[in-house]
Student: 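The structure under discussion is supplied below as structure tokens; questions concerning it will follow.
By convention here, the first residue in the shown sequence is residue 1.
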Amino acid sequence: HSLLTPTDWLISSSSAFQRPFSLLAHTIQIRFLPRPPPPLPARRRPIPVRLLSFTRGAFPTSPSTCPHQMAYEIVTVASGVMDPLIGKLNALMGEEYGKFTGVRKQASFLEKELSAMKAVLHKLELVDELDPTAKDWVDHVRDMSYDMENCIDDFMHQFRADDAKAGFIEKITQFIKKFRQRLRIADRMEELKTLALEANDRRERYKIDDWKPASSSVVVDPRLRAIYQEADTLVGIDGPREEVVTQLMDTQKKLKVVSVVGFGGLGKTTLAKQVYDKIDSQFDCKAFFSVSQRPDMSELLNNLQYKLGMNNPVSSRARKVDDIIKEIRNYLKEKRYLIVVDDVWDESAWYIIKCVFPEEGNGSRVIVTTRVEVVAGAACQNDREGIYKLEPLSEENSRMLLLNRVFGSEHGCPPQLEQVMTEILKKCHGLPLAIITIGSLLASQERSRKGWESIRDSLGAHSATNPSLEEMKSILNLSYMHLPAYLRACFLYLGMYVEDYVISRDDLVRQWIAEGLVGNLHGQDLEAVGRNYFNELINRSMIQLCETSYGEVFSCKVHDLMLDLIVSKCDRNNFLSVAYSYEGMARLHGCKYKVRRLSLSSMAGGGATYDPTITVNLSQIRSFTLFGKSMPPLVLFKYLRVLRIDQGSVGEDEGTLDLTAISQLFELRYLYVRGPDFVQLPAELQGLVYLETLHIDSELKSIPSDIVHLSRLSYLYIEYCNHGVLPEWIGNMKSLNSLRMPVGMRNGQRELNGMNGIIGLGELTNLRDLTIILWSLEKPELDALVCSIGKLCNLKHLQFNGPGTEIHSQMGSLSNPFQHIEELKVLVLNFRRVPTWMGGLHCLRILSLRVEETSTDEVRLLGELPSLVKLIFIPSHIPKERAILGTGLFPVLEYFHFWPKEDAMAYLGFEMGAMPNLRTLSLNSGEWGGSVPIGMEHLLCLQKIRPYRDLNHDATMVSAFRDALSLHPNHPSVE
């Protein structure tokens with residue numbers, strides 16, 4: 001087509017602009033095509049222009065009515081592709097797009113074709129091994145669906161709204177541009193329509209529908225707490241633990257290293273953790289950290305610094321590996337240390353790590369776990385007595401572990417299942433990971449002989465005589481095949497993470513939601529549904545828990561064998577791809593089907609640098625995760641929905657990460673950044689109309705004020721910004737339900753108009769989770785902040801971080817705030833007394849509170865809270881009379897941390913029935929008269945006591961507590 005001349009425009013425009021735009025489209029068609037074009041092949045025939053006709057306002061002006069918002073009932077690996085596409089086709093058939101002549105008909109046709117294909121995909125997804133023809137058809141349909149969705153996204157984005165303020169010439173220019181774009185999109189849609197017809201034709205020709213997948217019934221196990229304990233305390237661990245402890249804790253004064261070596265899934269990490277927990281109180285400092293296959297040594301040693309509690313590990317970000325080694329060696333000098341180095345894969349990594357351990361002759365100890373015997377020998381300097389070879393569980397312990405997992409006790413197996421259970425156990429070879437995985441599967445099935453025999457037969461007869469890595473994978477694969485369809489895509493998405501990465505539950509759920517992997521059956525909150533998915537994966541032992549708090553799991557890891565399974569499944573299903581360099585990314589470019597999700601880990605081996613000469617097609621990527629410091633240009637990602645950048649520790653020459661190009665990523669829903677010192681966002685964000693999550697764990701140069709136009713933004717995390725005080729526009733962000741933001745300036749300066757933002761915070765009544773990083777504020781600002789927060793009636797989690805303030809908080813004078821609060825952490829605020837309204841917080845589970853003075857009555861007020869499981873209470877002054885805590889107080893409390901300036905030991909006393917569930921008691925006395933709390937023998941569930949004097953360990957105090965607890969029935973440890 002050729003452009004019209006200005007004269008041509010004058011001929012047609014004066015009358016055409018008085019008519020509907022559809023008529024103008026026909027007028028322009030005549031000018032563009034003065035004579036019939038030569039015929040094209042059928043697949044490339046242009047769509048008639050009438051399909052493209054439009055009027056002003058025909059395109060949606062707000063994302064609120066866009067099908068991106070649709071939630072789907074059950075999302076699987078197949079429907080995770082199909083459902084959003086079908087939803088958008090349904091939207092094109094709606095009234096909003098009704099003025100596009102022909103659009104409804106085209107969308108209706110595609111919707112019917114794809115719905116039929118989706119039903120077949122669901123059936124085939126339940127088959128583990130597909131015929132090559134069927135698998136090729138599935139891969140083709142999945143890839144075609146991605147392309148269709150991208151095409152529709154282009155259509156919706158390019159014509160979302162007309163520029164009403166443009167002048168006449170500008171309108172003409174925009175019209176030509178949009179018209180040409182629409183022709184290209186229409187031509188592409190015609191191609192895709194032809195592909196859909198061909199796909200359905202192949203389906204019928206090759207009788208794809210004839211596949212008969214096996215069905216499965218999945219029941220969620222409600223005993224999450226028991227499962228968590230099982231994961232931490234494996235059956236049969238006592239003997240190995242005592243043997244390793246005996247090897248370690250001899251009279252040898254020089255540094256001793258003990259290696260635990262064994263097959264993957266045997267429980268090496270669990271054994272090392274059990275030994276660590278048993279003996280750690282005998283050492284001055286301790287740490288437990290993992291190495292993995294491709295360690296970034298700078299990041300690894302920074303992590304060790306953090307685990308050791310070194311004063312300022314952040315400063316190590318700008319140093320080389322040898323500098324960090326020197327710092328750690330200096331820190332460990334003259335200290336008796338215990339360090340576990342978990343999951344070492346090669347000697348070279350060990351030879352670097354061992355440099356941090358000084359030889360001081362004071363009885364320090366190191367535990368190394370590895371699968372590789374050569375590494376085990378190198379760690380022990382080939383002293384065979386220093387190597388502990390972990391063996392599989394005995395037949396008796398294997399049976400006990402399986403019975404406990406399936407039935408909750410070792411005596412619960414029905415007689416008709418005994419023989420089948422014995423045969424299943426033989427195929428697990430005493431591997432705890434295999435037994436727990438199979439046990440989780442059996443626990444979720446109906447307890448019938450037929451069902452158990454089916455699982456036994458699925459394991460394969462050859463596994464009984466040939467234990468190998470492949471057989472372990474077959475056991476794990478069986479558990480994958482028994483996952484409900486809606487969990488599979490979420491499980492496979494874990495392949496985006498590198499080995500040994502601690503994965504935050506809530507962050508993972510937000511990525512699942514951004515990718516459309518979380519279904520919504522009855523209008524439930526998507527985050528709640530996603531957390532249920534996460535708990536189901538924990539329940540089924542598909543992922544390993546990390547951070548837990550009173551029955552709730554907040555983070556997890558993926559066992560490396562399970563991660564291998566995930567990556568292989570992702571490769572077969574073209575679900576996601578993993579690369580370790582830009583050269584590896586380039587090799588993916590030659591794959592048969594386009595890469596849609598990509599995880600790039602360039603940390604290993606010193607990192608990688610982006611090379612613009614490497615040919616890599618990133619335009620089709622929907623999710624991109626970078627573990628490393630070299631970011632490819634964002635303009636290469638056209639359809640990106642999820643962008644996650646974790647740079648770890650950054651060198652001194654890498655200060656600012658430029659993200660100004662994200663303004664072009666019109667499909668972006670999730671952005672996470674961690675690592676760089678500074679992040680630069682674009683001047684405008686309002687084009688990111690689908691953005692739901694913005695998490696910046698670095699210092700921002702500035703926050704664009706047009707962020708208020710992001711009507712779908714529900715999670716905003718800002719670690720620090722130059723503006724400091726809450727911006728004026730914060731009160732307009734009504735869609736937020738989770739907010740973390742600094743308030744005040746770190747340098748102590750005040751900011752003009754800062755009060756407007758503080759007052760505006762009180763308008764965010766949808767907030768459920770609020771974290772304030774409190775810097776320097778004057779009393780009027782702090783009072784206004786407290787007043788605003790008191791208006792947030794739906795808060796469930798409120799936390800203040802920062803250096804603290806000595807200004808008396810007015811929060812105590814609020815009138816019955818926070819009726820739904822579950823977690824309240826306000827140590828940085830200064831309360832005069834315990835607020836009386838705290839007695840009405842019946843949902844409160846976790847409380848951290850600092851007051852100037854308290855009374856025995858106020859302690860009892862806190863003791864009557866019915867849901868309180870953790871209490872950190874720091875009063876500056878306590879009464880002189882002893883507080884005797886009686887029956888009924890603190891009925892569910894498990895952790896009590898009490899640190900007054902006076903003698904806490906002489907103040908506290910416990911009657912029979914007080915704190916009946918207390919596990920951990922942490923006490924600090926600024927002054928100590930030599931006494932201990934009376935009545936500790938009444939704390940029947942007590943497991944651990946931590947006494948301190950001015951925040952330091954006192955050997956005399958520890959000895960006094962051990963003497964007082966010598967007759968306690970639980971024999972709690974004193975640390």
Side-chain angles (χ1 to χ4, degrees), residues 77 81 139 142-143 146-147 149-150 292-296 298-299 489 492-501 503 511 514-515 558 560 563-648 650-651 654 657-662 664-665 667-676:
V77 175
V81 182
D139 293 341
R142 184 185 296 115
D143 208 53
Y146 281 127
D147 286 340
E149 187 180 10
N150 289 344
S292 76
Q293 291 189 58
R294 299 178 177 87
D296 175 352
S298 176
E299 177 75 6
L492 293 183
Y493 196 83
L494 293 165
M496 297 293 286
Y497 289 90
V498 293
E499 185 181 356
D500 290 325
Y501 195 93
I503 302 169
Q511 291 176 73
E515 268 278 13
V558 183
D560 48 4
L563 188 59
D564 288 344
L565 172 73
I566 289 172
V567 172
S568 67
K569 290 284 183 186
C570 289
D571 185 60
R572 286 180 56 191
N573 293 305
N574 193 34
F575 187 78
L576 63 83
S577 300
V578 178
Y580 297 98
S581 66
Y582 283 99
E583 290 77 11
M585 283 175 57
R587 285 191 290 272
L588 294 174
H589 183 60
C591 294
K592 181 177 181 181
Y593 296 106
K594 301 182 184 76
V595 175
R596 306 295 178 171
R597 299 175 183 90
L598 178 63
S599 175
L600 173 62
S601 178
S602 60
M603 286 182 172
T609 303
Y610 177 72
D611 183 353
T613 64
I614 296 176
T615 303
V616 182
N617 182 12
L618 301 177
S619 64
Q620 306 298 325
I621 301 291
R622 301 162 67 93
S623 285
F624 179 67
T625 295
L626 173 68
F627 296 99
K629 305 179 178 75
S630 181
M631 181 73 192
L634 288 172
V635 293
L636 300 179
F637 299 91
K638 182 178 181 181
Y639 300 107
L640 200 64
R641 288 158 167 75
V642 174
L643 175 58
R644 195 173 195 282
I645 303 170
D646 190 341
Q647 294 190 346
V650 180
E654 301 180 55
L657 178 65
D658 185 356
L659 294 181
T660 53
I662 66 167
Q664 302 177 47
L665 305 180
E667 288 290 327
L668 193 67
R669 290 149 169 75
Y670 169 100
L671 174 62
Y672 175 103
V673 180
R674 170 185 171 265

Student: What residues form a side chain to side chain donor-acceptor pair (under 3.5 Å) with D139, not counting sequence neighbours?
Tutor: K135, R142
Student: I need the single residue from R669, R597, R641 that forms a salt bridge (charged side-chain N to carboxylate O under 4.0 Å, His left out) with E515. Which is it?
Tutor: R597
Student: Measure across V595 and I621 and return the closest heavy-atom pair with its distance rounded to 0.1 Å.
Tutor: O-CD1, 3.3 Å
Student: Do the side chains of R596 and D147 get close enough for a salt bridge, i.e. N-O under 4.0 angstrom?
Tutor: yes
Student: Quick check: closest heavy atoms across R622 and N150, and the distance to 0.1 Å?
Tutor: NH1-OD1, 4.5 Å
Student: Of all the heavy-atom pairs spanning K594 and D143, show the shortest one and how long it is.
Tutor: N-OD1, 3.5 Å
Student: Does the side chain of L626 reach to within under 4.5 Å of the side chain of D646, using non-hydrogen atoms?
Tutor: no
Student: Write down the atom of F575, the atom of Y493, and the distance for their closest heavy-atom approach.
Tutor: CE2-N, 3.7 Å
Student: If I compare all heavy atoms of F624 with all of L600, which pair ends up nearest, and what's the gap?
Tutor: CE1-CB, 4.0 Å
Student: If you define the side chain from C-beta out and look only at heavy atoms, does anything of V558 sit under 4.5 Å from I503?
Tutor: yes
Student: Heavy atoms, side chains only, cut-off 4.5 Å: are E149 and E667 in contact?
Tutor: no
Student: Using the benzene-type ring in the case of Trp, are the ring centres of Y146 and Y593 under 6.0 Å apart?
Tutor: no
Student: Parallel, tilted or perpendicular, judged at 30° and 60°: which one describes the rings of Y497 and Y501?
Tutor: tilted
Student: With a 4.5 Å cut-off on side-chain heavy atoms, are M631 and L643 touching?
Tutor: yes
Student: Just how far is it from atom OG of S577 to atom CG of L598, taken to the nearest 0.5 Å?
Tutor: 6.5 Å
Student: Test side chain to side chain donor-acceptor pair (under 3.5 Å) on S623 and Q511 and set out the steps.
Tutor: CA-CA 9 Å; S623 285; Q511 291 176 73; over 6 Å; no
Student: With side chain to side chain donor-acceptor pair (under 3.5 Å) as the test, would you mind laying out the steps for T660 and D658 before giving the verdict?
Tutor: CA-CA 6 Å; T660 53; D658 185 356; 2.8 Å; yes
Student: What's the separation between atom CD1 in I662 and atom CG in L640, rounded to the nearest 0.5 Å?
Tutor: 10.5 Å
Student: Taking salt bridge (charged side-chain N to carboxylate O under 4.0 Å, His left out) as the definition, give me every residue that meets it alongside R644, ordered by chain and number, with sequence neighbours left out.
Tutor: D507
Student: Using modelled atom types and a 3.5 Å cut-off, is there a donor and acceptor pairing between side-chain atoms of T625 and backbone atoms of S599?
Tutor: no
Student: Quick one: closest heavy-atom pair of G495 and L563, and the distance?
Tutor: CA-CD1, 4.2 Å
Student: Would you call L659 and L634 a side-chain contact if the rule is heavy atoms closer than 4.5 Å?
Tutor: yes
Student: Go through the steps for D564 and K569 under the test salt bridge (charged side-chain N to carboxylate O under 4.0 Å, His left out), then give the verdict.
Tutor: CA-CA 9 Å; D564 288 344; K569 290 284 183 186; over 6 Å; no
